[in-house]
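So the structure is just underneath, and the comments pick up after that.
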Amino acid sequence: MQPPYYAVIFTSTRTSVDEGYAEMATQMVELAQQQEGFLGVESARNEVGITVSYWRDLESIKNWKNNLDHLDAQLKGRSKWYENYTVRIALVEREYSFGN
């Protein structure tokens, strides 16, 4: 990915409910990959989970947020899987790495 692009940073604390979570998470990644403007995703979880998805522009992020299947997953997340979460949207202006 060449900057500039946007990062949607989703941090969360899970409830003890696991039923359906892994399947929904997999489905959401597969669905996001089909969306116009999607660039990639990275995720990790310990006590706090963090998923960062990368997008070409704000319009692509808005369209993903309003996707009907994604809206359904958001409702289930709030009612079953997450104690709390925060979403941050950031403009990535520069990128560098080592060892890739």
Side-chain angles (χ1 to χ4, degrees):
M1 292 177 275
Q2 289 295 325
Y5 56 86
Y6 287 87
V8 176
I9 306 158
F10 178 81
T11 56
S12 63
T13 304
R14 290 279 317 278
T15 65
S16 60
V17 178
D18 280 331
E19 180 186 341
Y21 178 79
E23 294 83 0
M24 182 64 78
T26 299
Q27 181 183 358
M28 287 302 102
V29 169
E30 291 171 356
L31 184 61
Q33 290 171 337
Q34 298 170 21
Q35 303 306 300
E36 181 71 26
F38 177 81
L39 301 174
V41 65
E42 298 171 319
S43 187
R45 175 165 292 285
N46 283 315
E47 296 84 35
V48 173
I50 183 166
T51 299
V52 183
S53 59
Y54 302 100
W55 299 86
R56 180 182 60 224
D57 52 38
L58 291 172
E59 185 70 22
S60 299
I61 294 168
K62 179 181 173 185
N63 291 338
W64 170 239
K65 183 179 186 321
N66 293 320
N67 176 284
L68 291 178
D69 291 327
H70 188 217
L71 286 170
D72 180 54
Q74 291 171 52
L75 290 173
K76 288 178 181 169
R78 284 191 291 269
S79 67
K80 291 171 52 170
W81 298 313
Y82 298 116
E83 287 184 18
N84 58 67
Y85 66 82
T86 301
V87 177
R88 297 171 178 93
I89 299 174
L91 175 63
V92 177
E93 296 179 342
R94 205 169 67 165
E95 173 185 314
Y96 57 92
S97 60
F98 172 77
N100 291 336

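Nothing here was measured: the structure is a model prediction, and the numbers come from that model.
Here the shortest heavy-atom pairing between Leu71 and Asn66 reads CD1-O, 3.6 Å. Of all non-hydrogen atoms in Val92 and Pro3, the two that sit nearest each other are O-CB, 3.6 Å. Contact record, Trp81 with Glu19: NE1-O, 3.1 Å, taken as the closest heavy-atom pair.
Side-chain atoms of Thr51 and Val29, non-hydrogen and from C-beta on, never get closer than 4.5 Å to each other. Side-chain contact between Gln34 and Leu31 is present, with at least one heavy-atom pair separated by less than 4.5 Å. Between Phe38 and Trp55 the shortest side-chain heavy-atom distance falls below 4.5 Å. Counting heavy atoms from C-beta outward, Tyr21 and Lys76 have side chains that stay 4.5 Å or more apart.
Other residues, nucleotides and ligands contribute over 12 non-hydrogen atoms within 6.0 Å of the CD atom of Glu83. No more than 12 heavy-atom neighbours from other residues, nucleotides or ligands sit within 6.0 angstrom of CG on Leu68.
In terms of modelled atom types and a separation under 3.5 Å, the side chain of Thr15 and the main chain of Lys80 share a donor-acceptor contact. No donor-acceptor distance shorter than 3.5 angstrom exists from the side chain of Trp64 to the backbone of Glu36, with no hydrogens or angles considered.
Using a 4.5 Å cut-off between side-chain heavy atoms of Ile, Leu, Val, Met, Phe, Trp and Tyr, with links allowed through other members, Met28 and Tyr54 fall into different hydrophobic clusters. Linking ILVMFWY residues whenever their side-chain heavy atoms come closer than 4.5 Å, directly or via other members, leaves Tyr82 and Val52 in distinct clusters. By the criterion of side-chain heavy atoms lying less than 4.5 angstrom apart, applied directly or through intervening Ile, Leu, Val, Met, Phe, Trp or Tyr residues, Val87 is grouped together with Leu91 in one hydrophobic cluster. Under a hydrophobic-cluster definition in which Ile, Leu, Val, Met, Phe, Trp and Tyr are linked whenever side-chain heavy atoms come within less than 4.5 Å, directly or via other members, Leu39 and Leu58 are assigned to different clusters. Hydrophobic clustering (ILVMFWY, side-chain heavy atoms < 4.5 Å, transitive): Ile9 and Ile61 are in distinct clusters.
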side-chain hydrogen bond (donor to acceptor under 3.5 Å, both in side chains) for Ser12 and Arg45? Distances and angles first, verdict last.
CA-CA 9 Å; Ser12 63; Arg45 175 165 292 285; 2.6 Å; yes
Would Ser60 and Asp57 count as a side-chain hydrogen bond (donor to acceptor under 3.5 Å, both in side chains) here? Give the steps.
CA-CA 6 Å; Ser60 299; Asp57 52 38; 2.6 Å; yes
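The side-chain hydrogen bond (donor to acceptor under 3.5 Å, both in side chains) with Tyr5 is formed by just one residue from the set Glu95, Arg56, Glu93; it is Glu95. Put simply, the residue from Glu30, Met24, Glu23 that forms a side chain to side chain contact (heavy atoms under 4.5 Å, CB included) with Thr26 is Glu30.
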